Amino acid sequence: MEFTAPGKVILFGEHAVVYGQPAIAVPLSELRARAWVEPTRDGAGLVIHARDLGQRLTLGGDPAHQFSVAAQAVLARAGAPEPNATINLESAIPSAAGMGSSAATSTAICRALAAHLGTELSANTVSNIVFQAERGTPSGIDNTVVAHEEPVWFISGKPPRPFRSPARCHLVLGNTGIAASTGELVAGVRKRHDADPRLYDGYFAAIGALVRDARAALKEGELARVGELMDANHELLNTIGVGHSRLDELVTIARDAGALGAKLTGKGGGGNMVALTEGADGQAAVAQALTEAGYTAYETAFGGAT
Ligand code: PMV
């Protein structure tokens, strides 16, 4: 049996979320990681086979790898010894692109292993295990939205609040194709913040204020306003130094094709742009414009009547 987990899109508040500001993220259910377990012969131990990377990890050989850390946590939780089994892993989520690939792959592994051991893990437990396995000091937004697979209003250290939008929101992501490291970008912001805390705390507060406005606008179904706030968030992300000329180019293509608003999503410095469009027709138009310009586009939607 196969276990899957979605990617994610941060709609508002990345980076500022590391400094205690709220953020809004939604699942990217169309792109998923999947894992399934095959029992193996006695003495083989647990092997994690990342098939896309052609990589095989063992708990003993790679104990610090995030997948091993997550698997160990599931074993501890289940009170089970290391089984003789291979966890196969595949993912359609581009890595290092701000789409939640790391949280989604760990989540799929946890679910597949727990089921193999006959243990049930709540979404909260999976989210906590995946958080502990992540490298660096992430805010926790990725594991939360991926494990719960619903839009969330997120403040670091507080219980996540599921988020409802009465209006259907259509999104397009455009991939710059440039890989970026979350750790490096977060560290760069930290350095600039520490050099001038008052200035940067002001930027983060401005981002937090617009995230709150965005929640209100989403609840009211005022999508034009949501789009404006995405544009404003993009400018602030450029101001704190996580932009990239290629991201600005994708934002311009999306806006010229009729998007209500567009911004970088996730770490920035490359990775993906996200645009909010006017309905499914607007979504198709923006995706087409990005594709014609030579970029990979992904479409997703959330909210509305379910
Ligand atoms: O790894 P990404 O691209 O999804 O970025 C994570 C979002 C940040 O706010 C930049 C970092 C964090 O831990 O929240």
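Because the structure is a prediction, the values reported are computed rather than measured. Order of appearance sets the numbers: ligands from 1, and atoms from 1 within every ligand. Keep in mind that the numbers below use all heavy atoms, side chains included, and drop hydrogens, waters and symmetry copies.
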Can you check side chain to side chain contact (heavy atoms under 4.5 Å, CB included) on L264 and M273, steps first, answer last?
CA-CA 4 Å; L264 71 82; M273 175 278 312; 5.8 Å; no
Basic-acidic side-chain contact under 4.0 Å: E184, K191
no
Within the protein, residues bringing a heavy atom under 4.0 Å of ligand 1, chain by chain
K8, I10, E14, H15, V17, V18, G98, P138, S139, I141, D142, T182, V186, G266, K267
With distance as the sole test, does H65 use its side chain to make a donor-acceptor pair with the main-chain N or O of F67 at under 3.5 Å?
yes
Please determine if K8 and E149 form a salt bridge, counting it only when a charged side-chain N lies under 4.0 Å from a carboxylate O.
no
According to the ring-ring contact (aromatic ring centres under 6.0 Å, His included) rule, which pairs have a member within residues 7-60, sequence neighbours left out?
Y19-H193, Y19-F204
Can you find a side-chain donor-acceptor pair between N143 and S127 that sits under 3.5 Å?
yes
